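Reviewing the structure listed below.
Bear in mind the structure is a predicted one, so any value in this text is a computation, not a measurement. Computed from heavy atoms alone, side chains included, the values below leave out hydrogens, waters and symmetry copies.
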Amino acid sequence: MERRIKIRKDMDEEMIHEEKKTAKIVEELTMFFFAIGAVQINSRIEKEDANAVITFEADYDPAYRDKLEDLDQYLNGQKNHGMEGVYWELAGSGDPGETSQLLLIGMMTDKAEVEINESHVKVKLYKKLLN
């Protein structure tokens, strides 16, 4: 019985750890959108079983369109989940919109969909919450 309680407690702590990572992703992308001139930012997190879908919709200043051009590449870059475990707490420690921060978000997520329009961008990120 005690072993089952410990296993459940460990699972709960791991889930909270994954939820903190998800919150860091939201924080970092919010700062990124502010850095590219957004005045309207909508974010949503949907949890289904052991997965999270993080959706962002924002406007942006067209002068910063070049910062959006490589967003898909950064977020869908090579995954290294071992690095995620070590570096996720660094999210938010650099300047908003830094390539390194976007690459870190890419490592922390499993898949990203990026849709850029003339004055609007939508990003949908998929993240497994439990291994």
Side-chain angles (χ1 to χ4, degrees):
M1 180 77 153
E2 283 184 36
R3 185 169 187 260
R4 258 191 256 151
I5 292 170
K6 180 175 179 357
I7 290 171
R8 179 66 188 163
K9 182 179 177 193
D10 290 345
M11 288 177 64
D12 288 346
E13 287 175 6
E14 184 178 343
M15 181 59 102
I16 289 169
H17 189 70
E18 291 299 313
E19 289 168 344
K20 285 181 181 180
K21 289 180 188 179
T22 302
K24 284 278 195 179
I25 291 168
V26 171
E27 176 185 355
E28 185 60 36
L29 281 175
T30 300
M31 293 308 299
F32 170 76
F33 286 118
F34 279 136
I36 61 170
V39 293
Q40 291 184 337
I41 303 169
N42 294 310
S43 62
R44 180 175 65 244
I45 300 171
E46 297 176 55
K47 288 175 50 178
E48 288 184 13
D49 301 318
N51 297 294
V53 178
I54 305 163
T55 306
F56 271 86
E57 294 186 57
D59 58 350
Y60 65 93
D61 182 334
Y64 293 102
R65 173 132 186 156
D66 62 315
K67 289 202 173 258
L68 289 172
E69 295 300 327
D70 295 325
L71 189 59
D72 184 68
Q73 179 184 346
Y74 296 142
L75 297 178
N76 280 307
Q78 188 173 1
K79 306 300 179 194
N80 184 336
H81 293 290
M83 296 288 285
E84 171 192 349
V86 175
Y87 292 109
W88 75 271
E89 290 185 29
L90 295 176
S93 64
D95 291 330
E98 277 187 359
T99 301
S100 60
Q101 297 296 311
L102 297 174
L103 289 169
L104 179 57
I105 290 170
M107 279 192 255
M108 293 172 66
T109 56
D110 300 301
K111 177 183 161 189
E113 297 170 358
V114 179
E115 185 181 310
I116 304 168
N117 296 316
E118 197 168 310
S119 62
H120 182 263
V121 62
K122 181 176 181 178
V123 176
K124 199 169 204 177
L125 302 166
Y126 300 86
K127 176 167 181 43
K128 191 173 207 169
L129 293 175
L130 290 176
N131 295 326

Quiz item: How long is the gap from NZ on K127 to NZ on K47, to the nearest 0.5 Å?
Solution: 12.5 Å
Practice problem: Calculate, to the nearest 0.5 Å, the distance between atoms OG1 and CG belonging to T109 and L125 respectively. | Solution: 5.0 Å
Practice problem: Let me see the working for F32 and I105 under side-chain contact (heavy atoms from CB on, under 4.5 Å), right down to the final yes or no. | Solution: CA-CA 11 Å; F32 170 76; I105 290 170; over 6 Å; no
Exercise. Considering non-hydrogen atoms only, spot the tightest contact between L68 and I116 and give its length.
Key: O-CD1, 3.3 Å
Quiz item: Yes or no on side-chain contact (heavy atoms from CB on, under 4.5 Å) for D70 and L102, after CA distance, side-chain angles and deciding distance?
Solution: CA-CA 10 Å; D70 295 325; L102 297 174; over 6 Å; no
Exercise. Kindly write out the residues that satisfy salt bridge (Lys or Arg N to Asp or Glu O under 4.0 Å) with E115, not counting sequence neighbours, or none if the list is empty.
Key: none
Quiz item: At what distance, to the nearest 0.5 angstrom, does NZ of K67 lie from CD1 of I36?
Solution: 9.0 Å
Exercise. Please list, chain by chain and in numerical order, all residues satisfying salt bridge (Lys or Arg N to Asp or Glu O under 4.0 Å) with K111, sequence neighbours excluded.
Key: E113
Quiz item: What heavy-atom pair brings S43 and V26 nearest, and what distance separates the two atoms?
Solution: OG-CG1, 4.1 Å
Self-check item: Apart from V53 itself, residues in the same hydrophobic cluster as defined by side-chain heavy atoms under 4.5 Å
Solution: Y126
Exercise. Look up atom CG in L104 and atom CG in L75, then write down how far apart they are to the nearest 0.5 Å.
Key: 11.0 Å
Kindly list each side-chain donor-acceptor pair under 3.5 angstrom involving residues 56-63, sequence neighbours excluded, with atom names and distances?
{"residue": "D59", "atom": "OD1", "partner": "V39", "partner atom": "N", "Å": "2.9"}
{"residue": "D59", "atom": "OD1", "partner": "Q40", "partner atom": "N", "Å": "3.0"}
{"residue": "Y60", "atom": "OH", "partner": "R65", "partner atom": "NH1", "Å": "2.9"}
{"residue": "Y60", "atom": "OH", "partner": "N117", "partner atom": "O", "Å": "2.7"}
{"residue": "Y60", "atom": "OH", "partner": "E118", "partner atom": "O", "Å": "3.0"}
{"residue": "D61", "atom": "OD1", "partner": "A63", "partner atom": "N", "Å": "2.9"}

Self-check item: For the student: nearest non-hydrogen atoms of N51 and K128, plus distance
Solution: OD1-CA, 3.6 Å
Quiz prompt | Spatial distance of atom OG1 (T30) from atom CG (N42) [nearest 0.5 Å] | solution = 10.5 Å
Quiz item: Which pairs, with at least one residue in residues 29-46 and sequence neighbours excluded, count as a salt bridge (charged side-chain N to carboxylate O under 4.0 Å, His left out)?
Solution: R44-E46
Practice problem: Apply side chain to side chain donor-acceptor pair (under 3.5 Å) to Y64 and list each qualifying residue two or more places apart in sequence or on a separate chain. | Solution: none
